[in-house]
There are 2 protein chains.
Amino acid sequence: MLTDRQRMILNAIVDDYIRSAEPVGSRSISKRGDVGFSPATIRNEMADLEELGFLEQPHTSAGRIPSHKGYRYYVDHLTQSFSLNPAELHMMKTFFAEKLNAMEQMIQHAASILSQMTNYTSILLGPEVFHTSLRHFQLLPLHENQAVAIIVTSTGQVENKTVSIPPGVSVSDLERVVNLLNSKLVNVPLYKLKTRLYTELGQEMQRHIEHYEEIMSMLDIALDNQPDHRVYLSGTTNMLNQPEFKDVEKVKDIFELLEQTPLLTKLMAPAPGEQGIQVKIGTENTHEAISNCSLITATYSIDGKALGTIGILGPTRMEYARVIGILNILSHDLTKLLSHWYK
Amino acid sequence: MLTDRQRMILNAIVDDYIRSAEPVGSRSISKRGDVGFSPATIRNEMADLEELGFLEQPHTSAGRIPSHKGYRYYVDHLTQSFSLNPAELHMMKTFFAEKLNAMEQMIQHAASILSQMTNYTSILLGPEVFHTSLRHFQLLPLHENQAVAIIVTSTGQVENKTVSIPPGVSVSDLERVVNLLNSKLVNVPLYKLKTRLYTELGQEMQRHIEHYEEIMSMLDIALDNQPDHRVYLSGTTNMLNQPEFKDVEKVKDIFELLEQTPLLTKLMAPAPGEQGIQVKIGTENTHEAISNCSLITATYSIDGKALGTIGILGPTRMEYARVIGILNILSHDLTKLLSHWYK
DNA sequence: GGTTAGCACTCGATGACGTTGAGTGCTAAC
DNA sequence: GTTAGCACTCAACGTCATCGAGTGCTAACC
């Protein structure tokens with residue numbers, strides 16, 4: 001579709017623009033050295049590339065900037081795989097050495113490392129609930145009428161919730177209920193817990209346990225784990241360092257988006273069946289607030305099942321090669337680490 | 001120190017400036033109606049107030065804006081106690097009705113309500129660890145060499161941490177350890193846990209438990225709860241709506257500060273002995289990034305012991321009366337709610 | 001003596017205008 | 001096919017005049 005020379009020039013323009021954030025002219029491309037043609041020749045090619053929709057001109061007498069289509073082409077034809085410098089490799093290695101952390105802290109830590117390395121905003125979605133199951137259930141009385149319900153999942157996460165103990169229910173009643181649940185519901189996926197509670201345990205509990213109704217409604221609350229991903233953010237302020245966001249109005253929408261967990265989850269959700277790195281450029285993102293941003297995501301998984309998503313959000317003018325390289329490493333390492341953890 | 005009329009005029013200026021964010025002139029004050037003097041008279045008083053340091057002039061031919069000293073005077077002499085409208089009262093009432101939430105969620109929720117009501121940024125510090133004690137300790141094995149340690153505190157918070165089980169230690173060993181801890185350490189303040197573990201339990205454990213050394217070092221990790229406050233933020237984007245922060249450079253410093261938990265903790269820490277509402281205006285704050293901001297804080301407590309802090313961060317041009325009113329209500333209600341919860 | 005009307009003065013904000021320079025498109029020469 | 005040359009475009013920037021909100025001061029008024 002494009003000639004070799006056009007590809008070279010397009011690459012040079014995107015590279016330059018990523019670095020400078022300013023429209024690039026034919027002269028500066030010619031001067032770079034890696035494209036050995038005069039400005040005039042490059043101008044001709046640039047005009048062609050613009051006609052083909054790969055470049056845009058902010059105004060007549062300015063240089064060119066890549067269009068979304070241009071970025072897309074650039075990303076799809078990225079050849080040089082990005083390599084980290086020793087200091088950065090060390091940073092990632094030491095991170096994975098500290099695997100004794102609880103999963104949650106580990107993910108938060110991963111988010112902050114990502115944002116530090118890339119200078120963009122990092123977004124991590126915690127493990128999907130669909131693939132985690134119940135390992136242990138516990139009810140700890142706090143007072144005579146309140147208790148903490150604790151759910152330990154197969155991934156080692158601990159969820160807890162305060163519930164009211166219905167009047168008339170004794171501690172030994174609760175113990176019996178807890179034992180019953182643990183014997184019947186362990187290893188059941190979290191999202192099936194409540195239906196199983198009713199279908200399999202309903203009758204047995206009705207027979208053996210007093211105050212059946214009240215206890216069931218208490219368990220209903222206790223097992224009502226939020227099915228949304230946990231979202232971990234880091235480096236949101238990095239957004240403010242980008243010249244394209246020197247206008248507060250533009251950042252505001254983005255920041256508001258970042259505060260809304262469900263929207264983020266939707267944006268980060270991998271297209272079904274997709275594995276590996278995904279790049280969404282500008283308007284390819286479904287939300288208007290980030291139509292000037294690119295979102296690069298990678299999934300991490302266990303036994304081939306996608307568990308969660310890592311993402312980097314930055315301006316469309318993003319260091320694609322570098323970010324993709326980093327995400328690649330991190331998602332693989334996370335996958336390996338979790339497999340080891342999970343057994 | 002100030003005449004009645006001066007006080008009236010100062011009040012009027014601060015009020016107007018808080019609303020409009022623009023220097024106020026003598027004519028507009030005169031037109032308000034509540035100060036029944038001509039612009040000329042008001043101009044004279046304004047000149048005096050400026051000489052006394054309560055007002056400032058951005059440039060010769062502009063109106064006046066309050067100086068930090070002016071805000072301070074305004075705040076110290078706030079008379080009309082602010083009252084909420086019915087819708088807002090309802091918002092707070094319903095919030096406190098949902099007390100079945102776990103404490104953590106409750107605090108996060110309180111933060112978001114605060115920021116919604118005030119349109120500023122809200123900062124909440126969770127309960128101090130000093131005043132909470134151990135209610136229950138639990139070790140749940142995940143695999144043969146890993147377990148989750150769960151600490152339930154007297155305030156109903158649940159902390160958890162993953163630890164490695166030393167090789168050779170059996171499940172029954174662990175059970176014995178857990179029982180011992182629960183019988184001896186319940187109601188001990190969290191920050192004393194580890195010393196008590198060594199002083200009181202060391203000998204007994206050494207006698208009854210195999211692998212003493214390894215188990216102790218495991219418990220050392222398990223009980224190593226982080227002593228810093230948890231920080232809950234909400235409405236950080238509200239900062240971007242303030243005209244004084246239309247310049248990205250100014251917001252950046254503030255946002256960076258908001259990301260640093262320890263600094264925030266220090267800023268929010270109440271002066272020793274102080275109870276109730278505290279207002280820190282501009283440079284009264286110890287951190288330079290918020291020298292154009294005011295921070296209003298209130299403590300919530302149990303039995304007179306300060307447990308945590310609620311704060312609102314906004315521009316020096318802040319709706320002091322309103323914010324103070326809201327913080328007053330919320331801190332009292334939180335105190336009441338926690339006392340009830342805590343018993 | 002306190003209050004106010006009147007008036008000259010100040011100075012940021014706004015907009016018109018010219019200049020500058022980076023960059024283009026086109027043509028003609030190589 | 002490539003490149004040098006040149007006229008053209010247009011945002012950015014600086015200058016300048018205008019405008020108007022607001023002041024300080026003086027003199028008149030109650």
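Chain identifiers are assigned alphabetically (A, B, ...) following the order of the sequence lines, protein sequences preceding nucleic acid strands; residue numbering begins at 1 within each chain.
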May I ask you to verify if any side-chain N or O of A:Thr41 is less than 4.0 angstrom from the OP1 or OP2 atom of D:dT3?
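A:Thr41 to D:dT3 OP1/OP2: side-chain N or O found under 4.0 Å.
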Closest heavy-atom pair and its distance - A:Ser122, A:Ala111
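Nearest pair, atom of A:Ser122 first, then A:Ala111: OG-O, 2.7 Å.
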Whole-Å distance between [N] [atom2] and [X] [atom1]?
{"X": "A:His59", "N": "D:dT9", "atom1": "NE2", "atom2": "P", "answer": "14 Å"}
{"X": "B:Ile42", "N": "C:dG2", "atom1": "CD1", "atom2": "P", "answer": "17 Å"}
{"X": "A:Phe37", "N": "D:dT3", "atom1": "CZ", "atom2": "P", "answer": "7 Å"}

Whether over 12 other heavy atoms sit under 6.0 Å from B:Asp4 CG:
no
Flag yes if more than 12 heavy atoms outside A:His332 fall under 6.0 Å of its NE2 atom; otherwise flag no.
no
Base-contact (B) and sugar-phosphate-only (S) positions in nucleotides 23-30 of chain C, heavy-atom cut-off under 4.0 Å, - elsewhere:
SBBB----
Can you find a pair of side-chain heavy atoms, one from [X] and one from [Y], that are under 4.5 Å apart?
{"X": "B:Ile254", "Y": "B:Leu313", "value": "yes"}
{"X": "B:Ser26", "Y": "B:Arg64", "value": "no"}
{"X": "B:Tyr74", "Y": "B:Leu10", "value": "no"}

Taking the six-membered ring of A:Phe54 as reference, does the NZ or CZ atom of A:Lys69 fall below 6.0 Å from its centre and within a 45° cone about the axis?
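So A:Lys69 does make the cation-pi contact.
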Over its full length, what angle do the end axes of the helix from C:dG1-D:dC30 to C:dC30-D:dG1 make, each axis taken from five pairs and the result rounded to 10 degrees?
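Between the first-five-pair axis and the last-five-pair axis there is 20°.
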Using side chain to side chain contact (heavy atoms under 4.5 Å, CB included) as the criterion, list what pairs up with B:Thr41, not counting sequence neighbours.
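Applying side chain to side chain contact (heavy atoms under 4.5 Å, CB included) to B:Thr41 gives B:Arg5, B:Phe37, B:Ser38.
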